[in-house]
Amino acid sequence: MRDEPSLLFVIPDTSAFQSGGNIYNANLVEALKRIGILITQQTIEQFAACTTTEVFDAIIWDSLYLQDALLGKALRRSPTFLLVHHLESLHPPEGWNSTAYFLEKEYAQLTRFTGFVVNSPFMQTHLSTHFPNKRYALIPPALGITPHKKQKSTDHIRALIIGNLIERKGILPFLKLLEKYPIPKLLLRLIGSTAHEPSYAKACLASIKKLPQVTYMGELSHTQISTQYNWANLLLSCSAMETFGMAMQEAVAFGIPILALDRGNASAHVQQGHTGWLSPTIESLVAQLQQLHTQPQLHATFLEGALQQKKWETYSWADAAAALVEAIIPKPLNP
């Protein structure tokens with residue numbers, strides 16, 4: 001019997017496409033390996049086909065929507081945790097309200113897990129309201145890029161939106177409002193993939209063609225995104241739900257103020273009126289962007305506040321890995 005702690009991750013292929021969840025998974029797995037945890041990694045299909053009955057200290061899943069037989073197979077082998085990047089009930093499909101979707105589509109599966117690995121206090125609070133007796137591991141992501149803070153001018157608003165072109169990110173209604181209410185000194189760069197919801201992405205790109213101050217940059221690597229943060233003096237988030245907000249975390253580290261919808265974990269990244277604004281609606285977010293355009297001294301104040309922040313500078317993926325081990329792997333009994 002081996003002495004080293006061991007974990008089985010049943011997660012998507014992290015190299016298949018770029019997303020916040022895949023970046024998180026890849027970095028966490030590598031950090032765990034570096035501190036000596038034995039890691040086995042499988043996709044759901046590989047787990048389903050696997051006939052071994054190896055026991056792990058814990059199994060970590062990245063999907064809630066599992067066949068009962070698969071989840072039962074995992075639970076018979078090891079404590080089984082759900083890695084919760086997002087829940088569909090937090091932004092349910094059209095025709096559903098959040099509570100109904102949660103009760104009908106998610107609740108029964110969630111009750112079966114031993115516990116949850118969550119990326120933010122927001123998500124832990126949300127789940128613990130329904131499951132107070134489950135085990136929780138609160139593991140925020142660490143920065144994946146090295147930030148460089150520097151003073152920036154406000155001659156123009158140089159803004160970034162970083163997120164895949166999907167409905168939940170709220171990009172299209174924001175672009176439509178810019179068509180209606182143009183902001184002359186706004187330069188906006190939009191970074192993200194068009195592959196996930198092609199029809200929605202097509203509508204976004206059609207709107208961008210009408211907006212000469214908006215540039216679609218495509219899907220960029222983390223290294224390329226670092227260059228964009230050095231260019232920008234503002235981050236915009238139109239997302240209807242962010243359970244963590246990795247782009248906002250990175251903006252904080254680079255000393256960039258944020259205008260965002262007040263959804264999910266966004267308030268963890270913005271000091272209201274000091275490093276940016278949180279807005280209740282897309283319309284009010286655009287109005288606040290207009291205000292920064294007409295009052296550049298306000299933008300300068302936000303930039304100064306953002307530069308003074310000291311957050312995420314010392315937290316690393318090694319810290320995240322150690323916290324996960326502490327939370328879910330049982331300590332050996334003293335002889």
Side-chain angles (χ1 to χ4, degrees), residues 4-14 18-42 56-64 74 78-87 90 106 109-110 112-147 222 239 241-253 263-269 310-331:
E4 300 91 342
S6 62
L7 295 173
L8 169 61
F9 277 78
V10 185
I11 57 178
D13 177 1
T14 56
Q18 184 161 294
S19 69
N22 279 350
I23 292 168
Y24 178 105
N25 293 350
N27 281 302
L28 183 57
V29 165
E30 288 306 309
L32 287 162
K33 291 177 180 177
R34 287 195 295 270
I35 64 170
I37 308 300
L38 294 177
I39 301 294
T40 301
Q41 186 173 328
Q42 297 177 341
F56 297 86
D57 287 295
I59 299 176
I60 298 175
W61 291 84
D62 185 319
S63 177
L64 174 61
S78 307
T80 300
F81 291 80
L82 178 67
L83 178 52
V84 188
H85 295 301
H86 180 67
L87 289 174
L90 292 170
E106 297 172 344
Q109 285 285 72
L110 288 167
R112 301 185 65 193
F113 285 91
T114 308
F116 306 109
V117 179
V118 296
N119 57 10
S120 69
F122 162 79
M123 184 55 81
Q124 181 167 342
T125 299
H126 176 74
L127 284 168
S128 62
T129 301
H130 303 283
F131 306 105
N133 298 320
K134 295 287 188 182
R135 292 168 58 187
Y136 289 88
L138 173 56
I139 314 295
L143 291 169
I145 51 181
T146 302
H222 244 127
S239 181
M241 175 52 60
E242 287 291 352
T243 57
F244 180 77
M246 292 177 73
M248 286 186 274
Q249 176 195 40
E250 291 166 350
V252 168
R263 303 285 192 274
N265 197 53
S267 60
H269 303 292
K310 294 188 182 300
K311 193 174 182 182
W312 306 113
E313 293 179 3
T314 60
Y315 178 71
S316 69
W317 280 109
D319 297 323
L324 182 66
V325 170
E326 176 74 17
I328 71 172
I329 296 183
K331 297 179 177 62

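Start at 1 with the first residue, then count along the sequence.
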*Asks:* Where is the tightest heavy-atom contact between W317 and L143, given as atom of each residue plus distance?
*Replies:*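 Closest pair (atom of W317, atom of L143, distance): NE1-O, 3.8 Å.
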
*Asks:* Okay, side chain of Q249, backbone of P140: is any donor-acceptor separation there less than 3.5 Å?
*Replies:*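 No, the answer is negative, given that no donor and acceptor are paired below the 3.5 Å cut-off.
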
*Asks:* On a heavy-atom basis, which atom in H85 and which in N119 lie closest, and how many Å separate them?
*Replies:*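 Result for this residue pair: O-ND2, 4.0 Å.
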
*Asks:* Could you pull out all residues at least two apart from K134 that satisfy side-chain hydrogen bond (donor to acceptor under 3.5 Å, both in side chains)?
*Replies:*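 For K134 there are no side-chain hydrogen bond (donor to acceptor under 3.5 Å, both in side chains) partners, ignoring immediate neighbours.
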
*Asks:* What pair of heavy atoms forms the shortest contact from F56 to T40, and how long is it?
*Replies:*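 In this case the closest contact between F56 and T40 is CE2-OG1, 3.5 Å.
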
*Asks:* Partners of Y315 by ring pair (Phe, Tyr, Trp, His ring centres under 6.0 Å), sequence neighbours excluded?
*Replies:*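 Once residues adjacent in sequence are excluded, the partners of Y315 under the ring pair (Phe, Tyr, Trp, His ring centres under 6.0 Å) criterion are W312.
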
*Asks:* Under 3.5 Å, is there a donor-acceptor pair between the side chain of Y136 and the main chain of Q124?
*Replies:*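 No, Y136 side chain to Q124 backbone: no donor-acceptor pair under 3.5 Å.
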
*Asks:* List for me each residue that meets salt bridge (Lys or Arg N to Asp or Glu O under 4.0 Å) alongside K311, sequence neighbours excluded, and say none if there are none.
*Replies:*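 Applying salt bridge (Lys or Arg N to Asp or Glu O under 4.0 Å) to K311 gives none.
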
*Asks:* Parallel, tilted or perpendicular: which describes the rings of F116 and F131, with under 30° parallel and over 60° perpendicular?
*Replies:*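 Rings of F116 and F131: tilted, 30 to 60°.
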
*Asks:* At their closest point, which heavy atom of A321 faces which heavy atom of I35, and how far apart are they?
*Replies:*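 Where A321 meets I35 most closely, the heavy atoms are CB-CD1, 3.8 Å.
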
*Asks:* When you measure from the side chain of D57 to the backbone N and O of S6, does any donor-acceptor pair fall under 3.5 Å?
*Replies:*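 Yes.
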
*Asks:* Got a donor-acceptor contact below 3.5 angstrom from the S78 side chain to the A58 backbone?
*Replies:*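 Checking the backbone N and O of A58 against the side chain of S78, no donor-acceptor pair under 3.5 Å is found.
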
*Asks:* Keeping the roles fixed (side chain from R263, backbone from S239), state whether a donor-acceptor pair exists under 3.5 Å.
*Replies:*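 No; zero donor-acceptor contacts below 3.5 Å.
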
